[in-house]
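Here is the structure we will look at, set down as structure tokens.
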Amino acid sequence: MRTSQLLLPTLREDPGEAETVSHRLMLRSGLIRKVAAGIYTYLPLGLRIIRKVESIIRQEMNRAGAQELLMPVASPAELWRETGRWDFYGKELMRFKDRHERDFCLGPTHEEVITDLFRREVRSYRQLPLNFYQIQTKFRDEIRPRFGLMRGREFIMKDAYSFDADEAGARASYQKMYDAYHRIFTRCGLTFRAVEADTGLIGGTSSHEFMVLADTGEETVVYTETGTYAANVERAELLPPGDDSTEERRPLRPVNTPNCRTVEEVTKFLKIDPSRLVKTLLYTAGDQTVAVLVRGDHDANEIKIRRILGVTEVELAGQAVVEKLTGAPVGFAGPVGLKGVRVIADHAVKTTRNVVVGGNQADTHYVDANWDRDFQVEQFADLRNARAGDPSPRKDGVLKTTKGIEVGHVFMLGTKYSQSMKASFLDPSGKECFAVMGCYGIGVGRTAAAAVEQNHDDKGIIWPFPIAPFHVHLLPLGESPTVKETTSRLYAELETADFEVLLDDRDERAGVKFNDADLIGAPYQVVVGEKGLASGAVEMKIRRTGEKIKLAPADVPGTLLDLSRAFRTPNA
RNA sequence: CGGGGCGUAGCGCAGCCCGGUAGCGCACUGCGUUCGGGACGCAGGGGUCGGAGGUUCAAAUCCUCUCGCCCCGACCA
């Protein structure tokens with residue numbers, strides 16, 4: 001491909017709208033352009049990358065025995081009403097009406113549609129297992145789209161759905177996808193980690209997220225050094241700590257804490273460590289209000305709270321509710337003498353003696369409160385976020401934290417969808433059974449963006465060979481006949497050798513070409529200039545290392561074949 | 001949805017407080033010189049200052065409303 005035939009609008013300056021590395025570089029290198037918040041056009045170069053990622057996914061899905069199909073973007077509300085998700089999915093589901101006022105949505109995911117297909121077309125256990133996948137545009141009206149392709153409202157996703165006759169079969173299907181995901185992300189040149197995760201809106205029994213490790217990641221991952229445990233913080237379980245405190249229980253007493261509302265204010269005022277304070281968080285879930293007690297140095301985990309309460313949504317109570325229940329302004333809620341609400345507490349509250357709690361009265365706290373004496377707790381549970389230094393739930397050491405980008409997610413769904421939609425088959429004994437399902441997603445654009453996050457320097461992107469838009473960037477300098485002749489011969493030879501070559505045939509100065517080449521990030525650059533040719537050489541630069549090699553033009557294809565061999569044999 | 005910020009030429013920005021001829025850099029067009037890490041000279045083109053309403057002799061600037069976008073929090077591939 002010649003630059004002159006390609007819309008490749010590189011930018012010299014960082015666009016104001018972009019903050020993160022991948023967003024900035026994808027805009028600057030002319031891969032994407034924004035149409036609306038979270039909605040992008042893939043320019044020719046960007047689309048090449050998307051297609052590369054897709055093709056790796058396609059190969060590995062096919063290899064794992066999944067079959068490709070394509071479902072519609074638009075789907076009728078009836079299917080979604082069957083599973084209850086027409087209401088449950090909320091505002092994130094993009095809805096519209098057709099000319100007959102019938103409700104439709106733009107698919108954010110396709111469990112309903114695929115399960116509908118299954119129940120219509122599959123009758124017998126003999127047809128199982130089945131695994132279908134598609135690569136398709138999804139719509140989710142995200143609360144906050146951001147970071148370019150990282151979190152869009154319209155995005156390309158590979159989604160796969162497995163159907164098995166039983167749990168064991170489903171586990172095997174899950175494992176196949178899990179293994180395929182490992183191969184996919186490895187081939188995309190990513191450093192990643194599979195972690196235990198929450199199942200969120202998709203539901204199901206268990207799941208793993210594939211996290212690309214990057215500082216700009218939106219997710220926090222906890223893991224142990226030994227590598228036997230890794231989980232999303234929102235999921236990571238914490239075991240109840242042992243109670244080895246020998247501290248004497250001191251008598252409860254109220255103290256005056258003028259204007260001290262936050263943990264920081266109270267602990268500073270009383271000159272105590274935040275771990276000696278227990279905060280009382282009032283959550284509303286539907287029409288009930290619950291007091292959740294968490295130590296001052298810990299963060300409450302709403303997912304865990306939702307799970308304990310068996311509800312799908314909790315929200316911190318508003319000022320009015322707090323004042324009504326505690327009789328005090330926000331900031332002074334406490335469990336002592338608190339009436340009319342369930343009180344649940346994190347495990348750590350149980351083993352901490354003589355704590356500070358809110359006094360349910362303005363400017364008042366209690367010190368030396370003890371749960372077994374001064375207030376009632378209905379249930380102790382794991383209600384907080386794990387943090388670095390906490391013991392691993394596998395008892396294999398201490399947790400560490402890192403940031404990650406979720407590029408893939410695999411779920412064991414069980415029979416959640418097959419039951420609600422009556423997707424059944426007959427087993428060998430003629431009994432009707434519900435299919436046991438799994439579902440498996442990969443964000444295609446997000447994978448590309450994650451690759452940029454992990455592979456760049458201050459000059460631009462450094463594409464991993466398998467997903468690079470071009471393998472070789474050919475840079476002729478000047479217009480002399482020898483340069484032109486050598487360039488076109490190299491171009492032809494490299495294409496013959498199966499390299500994708502981008503030829504910068506613009507009439508630009510050397511510096512402009514070099515800088516654009518570094519920005520665009522093809523793994524190899526070949527510079528053809530008169531200076532080099534005078535001594536019979538062209539110069540090859542390896543983008544990642546910056547290493548420059550002088551070569552006779554005839555040796556270029558062979559050398560590049562040697563250098564890239566490892567990346568060209570995908571199944572190695 | 002709550003909190004913060006921004007909309008002025010294709011891009012990055014100044015001008016706005018204190019109303020008075022719309023500016024800078026890059027990019028773009030033409031000519032010339034230059035040509036291995038973002039050249040230089042000369043001459044050009046391009047903006048209803050996000051939109052609507054108001055105040056005023058006069059509005060990019062002040063006021064009201066609105067739309068869009070970015071960043072921080074609750075969702076997710």
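Just so it is clear, the model here is predicted, and its values are computed rather than measured. Below, read A as the first sequence line, B as the second, and so on, with proteins coming before strands; counting in each chain starts at 1. For the numbers below, each heavy atom of this structure counts, side chains included, while hydrogens, waters and symmetry mates do not.
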Quick one: is [N] close enough that its OP1 or OP2 comes under 4.0 Å of any side-chain N or O from [X]?
{"X": "A/R506", "N": "B/G38", "result": "no"}
{"X": "A/R146", "N": "B/C71", "result": "no"}
{"X": "A/R509", "N": "B/A39", "result": "yes"}
{"X": "A/R144", "N": "B/G73", "result": "yes"}
{"X": "A/R28", "N": "B/C11", "result": "no"}

Sugar-phosphate only, base, or nothing, as touched by [X] at under 4.0 Å among non-hydrogen atoms:
{"X": "A/E539", "result": "base"}
{"X": "A/K91", "result": "nothing"}
{"X": "A/G532", "result": "base"}

In this structure, how many angstroms lie between the P atom of B/C26 and the CG atom of A/D516, rounded?
17 Å
Taking atom P of B/C70 as reference, at what distance in whole Å does atom CZ of A/R151 sit?
13 Å
Is there ring stacking between A/F514 and B/G38, where the centres must be under 5.5 angstrom apart and the planes under 30 degrees?
no
Sticking with atom P, work out how far B/C28 lies from B/A60, rounded to a whole angstrom.
31 Å
Reading RNA chain B from 5' onward, which residue's closest nucleotide shows up sooner: A/K34 or A/I156?
A/K34
Hey, which sits more toward the 5' end of RNA chain B by its nearest nucleotide, A/A537 or A/G443?
A/A537
On the 0 to 90° scale, with breaks at 30° and 60°, tag the A/H409-A/F411 ring pair as parallel, tilted or perpendicular.
parallel
Do the rings of A/F210 and A/F192 sit parallel, tilted or perpendicular, given the 30° and 60° boundaries?
tilted
Measuring from atom CZ of A/R153 to atom CG of A/D141, what distance do you get when rounded to the nearest 0.5 angstrom?
5.0 Å
Return the nearest nucleotide to the side chain of A/D518; candidates are B/G38, B/G37, B/C1.
B/G37
